[in-house]
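I have placed the structure first, in the form of structure tokens, so that the comments after it can refer back to it.
Residue numbers begin at 1 in each chain, while the letters A, B, ... track the order of the sequences.
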Amino acid sequence: MEEALVRAVLFGTPILLASLGALLAERGGVVNLGVEGIMALSALAAFAAAMAGGVGLGVLAGVGTGAVLGAFLGLFAVSLRANQFVAGLALAALGLGASGLLGKRYEGVPLPNPLPEEGLALLALALAALLHLLLYRTRFGLYLRSVGENPRAADLFGVSVDGVRHLALFLGGGLMGLAGAYLSLAYRPSWTDGMTAGLGWVAIALVILAAWQPLRAVLGAYLFGLLFFLQFRLQGSVPIPSEAFAAMPYLLVILVLALSGRTRAPKALGIPFERGR
Amino acid sequence: MLKLENITKRFGPVVANRRVSLEVGRGEVLALLGENGAGKTTLVSILYGLYAPDEGRILLEGREVRVPSPKAAQRLGIALVPQHPELIEAHTVAENLALGLDLPPFFSRRALEGRLRELLKDHPLGVALEAPVARLSAGEKQRVELLRALLSRPKVLILDEPTSVLTPKEAQELFQEIRRLQALGLAVIFISHKLDEVLAIADRIAVLRGGEKVGELSRKEADKETLVRMMVGRSVAPLPKVPPPREEVVLEVEDLVVPRHGFPVQGVSFALRAGEVLGVAGVAGSGQSELVEALAGLRPYRGSVRFLGQPLPKDPARLYALGVAHIPEERAMGVVGGMSVAENLALRTFRAYAPKGLLDYRAMEREARALIEGYRIKTPSPRTPVRFLSGGNVQKVILARELKGGPRLLLAMHPTYGVDVGAAEEVHGRILELVRQGAAVLLVSEDLDEILALSHRVAALYHGRLVGPIPREAASREALGRMMAEGRA
């Protein structure tokens with residue numbers, strides 16, 4: 001039982017980090033569907049940097065790569081006012097493809113001195129609390145929520161809509177990068193192509209499940225973590241085909257999305273802002 | 001205090017403002033009067049830093065200033081209460097007000113509310129700072145906008161069509177507030193297209209038409225007739241008398257209930273005779289949309305509704321075939337913007353143009369041409385997408401489509417909202433013509449003058465209940481205002 005909870009937390013941590021990153025951007029009105037690609041490239045960058053200069057450098061490289069990719073999405077989805085969904089999906093595909101191509105030489109190489117998972121799990125928990133405070137107790141948080149709800153009003157009162165959105169994507173990308181680094185430096189710790197295994201998509205669904213609240217995302221992430229754990233543990237020991245367990249998290253995602261009509265998304269979510277429109 | 005000199009603003013080939021000069025002094029109320037599209041809002045947007053003028057200059061207290069952004073406007077002491085409250089519904093009043101402040105990076109809710117109270121100690125608050133904006137009434141939301149404008153300690157306060165969302169009583173309160181601010185030494189620019197208001201509040205009145213200032217009068221020199229002539233460019237004939245209704249009952253509504261969240265319509269009963277107009281007023285959100293949409297077959301309802309003695313069907317297509325026409329609340333609901341004028345005119349009767357299954361566009365466009373001419377719809381061609389037409393012309397497209405079958409009942413909601421005086425005249429003329437032919441009209445409008453001018457009987461919706469109807473002769477603006485705001489005749 002205790003083991004189940006610990007594993008649930010450890011498995012839920014990358015989902016939590018990634019979904020905090022997505023949540024941050026979405027509160028500002030930008031959907032980042034590139035999570036999966038950002039995590040994959042960050043995981044690779046973190047691993048490569050850790051091999052070259054230790055895990056500390058690895059974490060920095062992971063977070064930095066994520067943040068830069070977040071900003072890259074901002075170039076299209078914010079500055080150029082491209083369709084956020086298309087731009088995000090393109091980034092996801094790009095990140096997955098590029099990481100597979102660039103990561104060939106690291107395939108199957110073990111990391112000599114990995115990071116402790118527990119430390120990063122605690123950090124993720126702290127980051128969720130910090131994000132909550134950021135949203136509700138700081139000027140940036142107020143601006144971010146305003147921009148996500150009614151960018152016209154925010155603009156009218158002198159808030160730089162694009163500036164806030166860029167910063168949100170940058171910081172959110174950093175969190176996704178940390179999620180990637182956690183996978184390749186602590187959870188595995190190694191690098192294989194496709195190691196993100198759809199966690200990025202789960203993270204996006206979790207934002208909705210959590211009703212855009214960071215503290216609820218913690219519970220949701222651990223719930224997903226528990227489901228993944230059960231999937232491994234119950235395989236073969238109960239007369240239910242393992243495919244059913246394997247499908248469970250994704251079925252839950254679909255269920256969440258189907259039921260999400262009831263929660264209230266930021267009003268300007270997914271809509272590029274143009275003054276005077 | 002504030003002076004505009006020869007402001008010109010073009011949008012491509014369209015000139016929105018041409019060499020407009022204005023001046024407003026300390027403690028003075030300047031009214032900017034003009035129809036929709038006269039360039040009032042463009043001028044304000046320039047003053048508030050949303051657009052840059054192509055030519056001309058702005059002087060504040062004698063110094064030339066540039067206003068590149070709303071933030072710059074606030075710093076200069078120019079504040080705006082926009083026409084439609086630009087508030088963030090999910091936030092509290094305090095959080096909305098905080099957007100107008102220089103905030104520290106970190107703050108607590110209590111510190112924020114304390115600071116707001118301190119900053120606004122010279123003004124009555126009128127709303128609870130911790131209340132979520134989504135729960136406020138339209139008047140309270142405007143109050144929040146005004147408080148936010150006052151936070152920046154402005155020298156010049158611009159109010160853009162502030163009464164359009166208010167009940168007559170709330171409008172009176174707003175006027176008192178304006179007087180109070182005027183006494184504090186603010187220069188106030190009051191934008192409106194309503195003559196009564198302008199005459200009630202302004203010290204001077206500048207009239208805009210087609211982007212140009214056509215004149216400026218002091219309060220003493222101004223009267224309604226002169227102002228209308230300046231605004232429209234010609235005098236407007238009063239509406240012809242409406243003939244009395246006939247005996248035949250067209251619509252009988254008994255105990256109509258719309259069973260949605262909070263029961264927006266709770267037991268409404270009335271009867272409409274042939275050739276009769278029933279005007280229904282009400283504060284926005286009192287059940288008007290739901291009542292009209294229920295009768296138009298767009299919303300489920302309970303209760304008995306009989307049309308020419310038969311139960312009214314609940315299917316828009318069958319309703320139209322039976323002779324029930326509907327001018328919807330919002331123009332965007334009544335047309336498909338990307339489709340052509342001809343297609344929009346044929347929307348109700350597509351099948352008639354496709355006897356063999358394929359649409360006969362030539363017939364459709366031929367008939368569209370006739371309607372375009374008959375209703376004087378200004379469009380380059382029947383193939384022009386409707387979204388390129390002005391509001392008044394879109395409204396005429398809807399009217400032409402709905403009236404072409406000779407309806408027995410017209411459900412008209414805000415039929416002249418946001419159209420210019422000329423188009424409104426035409427719309428009113430068409431409705432009266434229909435009434436003379438014996439149709440019954442349910443007229444729901446926020447324009448009390450429109451209701452009083454066209455109706456035989458008037459009523460108001462108050463929290464989903466119908467107050468009245470009372471005969472037109474017994475009604476006045478004040479009486480209607482009471483019915484809307486207090487629910488009693």
Legend entry - Tyr48(B) atom OH, over 12 foreign heavy atoms within 6.0 Å: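 Atom OH in Tyr48(B) is crowded, with more than 12 foreign heavy atoms closer than 6.0 Å.
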Inset, instruction - Return yes when atom CZ of Arg299(B) has more than 12 non-hydrogen atoms of other residues, nucleotides or ligands closer than 6.0 Å, and no otherwise. - result: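 Atom CZ in Arg299(B) is crowded, with more than 12 foreign heavy atoms closer than 6.0 Å.
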Legend entry - Pick from Ala98(B), Pro85(B), Pro70(B) with the largest number of heavy-atom pairs that fall under 4.5 Å of chain A: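 Ranked by heavy-atom pairs under 4.5 Å with chain A, first place is Pro70(B).
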Legend entry - Largest heavy-atom contact set with chain A, pairs under 4.5 Å, which of Ala90(B), Ala73(B), Ala72(B):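 Max contact count across the listed options: Ala90(B).
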Legend entry - CG-CZ distance between Leu99(B) and Arg139(A), expressed to the nearest 0.5 angstrom: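 Reported value, rounded in 0.5 Å steps: 12.0 Å.
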Legend entry - Euclidean distance, Glu149(A) CD relative to Glu89(B) CD, rounded to 0.5 Å: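 Interatomic distance, Glu89(B) CD to Glu149(A) CD, rounded to 0.5 Å: 9.0 Å.
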Legend entry - Interchain contact, Leu87(B) with chain A, by part (heavy-atom threshold 4.5 Å):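 Backbone of Leu87(B) only, per the 4.5 Å heavy-atom cut-off to chain A.
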Inset, instruction - Please name the pair of heavy atoms, one in Phe106(B) and one in Thr138(A), separated by the smallest distance, quoted to 0.1 Å. - result: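 Shortest heavy-atom separation between Phe106(B) and Thr138(A) comes out as CD2-CG2, 3.4 Å.
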Inset, instruction - Might you point out which heavy atoms bring Arg137(A) and Ser108(B) nearest each other, and give the distance in Å? - result: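 The pair with the smallest heavy-atom distance is CD-CA, 4.4 Å.
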Inset, instruction - Decide yes or no on side-chain contact (heavy atoms from CB on, under 4.5 Å) for Glu95(B) and Leu142(A), but give the supporting numbers first. - result: CA-CA 7 Å; Glu95(B) 285 177 326; Leu142(A) 177 66; 3.7 Å; yes
